[in-house]
Trainee: 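If you scroll down you'll find the structure; I have some questions about it.
Each chain gets a letter, A, B and so on, in the order its sequence line appears, and its residues count up from 1. Computed from a predicted structure; not experimentally measured.
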There are 2 protein chains.
Amino acid sequence: MQETVSAKDRILTTALRLFYRDGIRATGIDKIIAESGVAKMSFYRHFPSKNDLIRAFLEARHEIWMGQFRAAVERRFAEEGFAAIARALSEWFGEPDFRGCAFINTVAETGSEFPQTVQHKCELELYVTELAKRLSLPAPAQVAAKAMIVMEGAIVRAQMGLTDGLEEMTMQLLTDLTRCGN
Amino acid sequence: MQETVSAKDRILTTALRLFYRDGIRATGIDKIIAESGVAKMSFYRHFPSKNDLIRAFLEARHEIWMGQFRAAVERRFAEEGFAAIARALSEWFGEPDFRGCAFINTVAETGSEFPQTVQHKCELELYVTELAKRLSLPAPAQVAAKAMIVMEGAIVRAQMGLTDGLEEMTMQLLTDLTRCGN
DNA sequence: AGAAATATACAGACCTGTCTACCTGTAGGA
DNA sequence: TCCTACAGGTAGACAGGTCTGTATATTTCT
């Protein structure tokens with residue numbers, strides 16, 4: 001029985017941190033191996049290639065991020081509606097190690113090599129659609145698609161450090177979507 | 001007198017193409033040298049390091065992109081107002097080699113190493129502010145900041161291939177900003 | 001003569017991925 | 001209960017490629 005975390009989990013945890021912080025191309029296998037305290041052969045036993053680790057990273061990141069985002073939105077959605085989305089984003093932007101959206105960054109680095117990136121955005125849009133339905137909005141899919149545009153834009157602005165008035169403007173843009181005339 | 005384009009210009013032209021198409025980290029000096037038909041020493045005479053070329057790339061890209069974007073917007077702004085922005089973006093998204101915004105991609109790859117990226121976004125926002133003023137909108141700076149959020153979001157959505165209904169939704173989001181209640 | 005470009009080799013670092021050799025805990029059969 | 005087989009982990013060397021940047025020697029243009 002292993003008292004410590006498995007090698008595979010330690011690798012994935014390290015990848016979650018380094019891939020997000022420094023980017024995928026900039027993070028070498030050697031660095032991940034060193035920081036997770038794992039032998040090289042153990043790494044290649046669990047992940048036959050770096051791309052396999054990248055895929056695992058994207059899937060894990062998706063689960064973790066969606067969980068945190070959902071939780072942050074649900075905390076206020078009942079009272080604030082779509083404004084809760086802006087607040088959840090703003091909390092995320094304020095985290096000290098915030099560096100933009102891992103999936104946007106991966107697409108920027110690698111192009112369309114990893115479909116998990118687009119998949120993540122589709123599932124996020126599905127969740128926003130569900131939120132729109134819970135508000136009984138007339139065209140939930142259209143509202144969600146527009147909200148996604150606003151959300152992506154807010155993430156990029158935050159990533160570039162252009163955060164002046166960002167939370168309030170994002171909130172206005174999102175709540176405007178819930179008024180009549182979508 | 002040189003009958004052909006100078007080595008420096010050939011390097012920059014090649015960098016504009018390769019850095020945008022494949023990304024900055026993924027594009028090696030050797031590749032730029034080979035494709036621009038220049039000797040390595042000529043390269044390092046004009047650009048002491050790769051970072052110098054990256055800076056020159058960002059500045060050139062800014063000038064070129066702004067020129068094209070301005071032209072595309074002005075073509076319709078008098079008749080269509082802010083919808084002209086959505087149309088200009090959509091034209092860009094439709095180009096066969098579109099791969100997102102070079103400045104967003106550079107930030108995604110390199111973080112905050114190159115201030116030219118944020119500078120570009122600030123100058124673009126200034127132009128949008130000017131457009132808002134030309135429409136005699138009450139709060140042009142606020143409208144422009146919101147428009148920037150929408151524009152960045154549209155760019156990211158297009159980059160990820162999520163273009164279904166994108167032009168129309170972007171147009172609605174942007175024109176809604178020009179109505180009363182900011 | 002001198003500036004600018006060319007071709008090419010090279011250094012040193014880093015990258016992914018493979019190979020060998022060894023260690024350790026555990027499950028199963030005799 | 002003991003022995004054995006094996007899965008998983010460790011350590012580190014190594015191959016072959018790519019990367020940035022430098023050095024050398026030659027050519028071309030003015």
Side-chain angles (χ1 to χ4, degrees), chain A residues 1-60 102 105-106 108-111 113-114 116, chain B residues 1-60 102 105-106 108-111 113-114 116:
Chain A
M1 179 183 296
Q2 59 226 357
E3 44 197 332
T4 169
V5 189
S6 76
K8 188 168 186 174
D9 285 349
R10 269 180 293 156
I11 292 167
L12 197 49
T13 301
T14 307
L16 281 166
R17 183 166 47 86
L18 296 187
F19 278 165
Y20 180 67
R21 192 189 66 187
D22 301 331
I24 284 176
R25 277 192 78 96
T27 302
I29 296 291
D30 285 344
K31 198 170 199 173
I32 290 174
I33 284 167
E35 293 217 11
S36 52
V38 150
K40 203 160 198 174
M41 279 315 291
S42 303
F43 174 87
Y44 278 103
R45 181 189 317 281
H46 295 293
F47 304 98
S49 77
K50 186 181 181 180
N51 278 7
D52 289 284
L53 177 62
I54 295 173
R55 276 184 280 273
F57 157 73
L58 292 172
E59 282 155 20
N105 292 347
T106 300
E109 271 196 274
T110 67
E113 190 170 349
F114 299 99
Q116 289 86 352
Chain B
M1 179 183 297
Q2 58 228 355
E3 44 196 332
T4 168
V5 190
S6 76
K8 189 168 185 174
D9 285 349
R10 270 181 292 157
I11 292 168
L12 198 48
T13 301
T14 307
L16 281 166
R17 184 166 47 87
L18 296 187
F19 278 165
Y20 179 66
R21 192 188 68 186
D22 301 331
I24 286 177
R25 277 193 79 96
T27 303
I29 297 291
D30 284 345
K31 196 169 201 175
I32 291 175
I33 284 167
E35 294 218 11
S36 54
V38 151
K40 202 158 198 175
M41 281 312 292
S42 304
F43 174 88
Y44 279 103
R45 181 188 319 279
H46 295 295
F47 304 98
S49 76
K50 186 181 182 180
N51 278 5
D52 289 284
L53 177 62
I54 295 172
R55 277 183 280 274
F57 158 72
L58 293 171
E59 282 155 20
N105 292 348
T106 299
E109 271 196 275
T110 67
E113 191 171 349
F114 299 99
Q116 288 87 352

Trainee: Check salt bridge (Lys or Arg N to Asp or Glu O under 4.0 Å) between A/Asp52 and all other residues, then give those that pass, not counting sequence neighbours.
Mentor: A/Arg55

Trainee: Please work out which residues in residues 15-28 of chain A have a non-hydrogen atom less than 4.0 Å from an atom of DNA chain D and list them by number.
Mentor: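 Contacting residues: none.
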
Trainee: Which heavy atom of B/Ser36 sits nearest to which heavy atom of B/Arg10, and what is that distance?
Mentor: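 Reported closest heavy-atom pair: O-NH1, 3.4 Å.
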
Trainee: For every nucleotide of nucleotides 8-14 of chain C, 5' to 3': is a protein heavy atom under 4.0 Å from its base (B), only from its sugar-phosphate (S), or from neither (-)?
Mentor: -------

Trainee: Provide the closest heavy-atom pair for B/Leu18 versus B/Thr27 in the form atom of the first, atom of the second, distance.
Mentor: O-OG1, 3.3 Å

Trainee: May I ask you to list the residues of residues 42-52 of chain B, by number, that have any heavy atom positioned under 4.0 Å from an atom of DNA chain C?
Mentor: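 The stretch gives B/Ser42, B/Arg45, B/His46 as the residues lying under 4.0 Å from the strand, ordered by number.
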
Trainee: Taking side chain to side chain contact (heavy atoms under 4.5 Å, CB included) as the definition, give me every residue that meets it alongside A/Arg25, ordered by chain and number, with sequence neighbours left out.
Mentor: A/Glu109, B/Arg25, B/Ala26

Trainee: Looking at residues at least two apart in the chain, or sitting in another chain, which of them share a side chain to side chain contact (heavy atoms under 4.5 Å, CB included) with B/Ser42?
Mentor: B/Val38, B/Ala39

Trainee: Quick one: salt bridge (Lys or Arg N to Asp or Glu O under 4.0 Å) pairs with a partner in residues 33-42 of chain A, sequence neighbours left out?
Mentor: A/Arg17-A/Glu35, A/Asp30-A/Lys40

Trainee: Go through the structure and list residues passing side chain to side chain contact (heavy atoms under 4.5 Å, CB included) with B/Thr13, not counting sequence neighbours.
Mentor: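 Side chain to side chain contact (heavy atoms under 4.5 Å, CB included) check on B/Thr13 returns nothing, list empty.
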
Trainee: With sequence neighbours excluded, tell me which residues meet ring-ring contact (aromatic ring centres under 6.0 Å, His included) with B/Tyr20.
Mentor: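 B/Tyr20 satisfies ring-ring contact (aromatic ring centres under 6.0 Å, His included) with no residue once adjacent residues are dropped.
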
Trainee: Among residues at least two apart in sequence or on other chains, which ones pass ring-ring contact (aromatic ring centres under 6.0 Å, His included) with A/Phe114?
Mentor: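 Per chain and number, A/Phe114 pairs via ring-ring contact (aromatic ring centres under 6.0 Å, His included) with no residue.
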
Trainee: With sequence neighbours left out, what residues match A/Phe47 under ring-ring contact (aromatic ring centres under 6.0 Å, His included)?
Mentor: A/Phe43

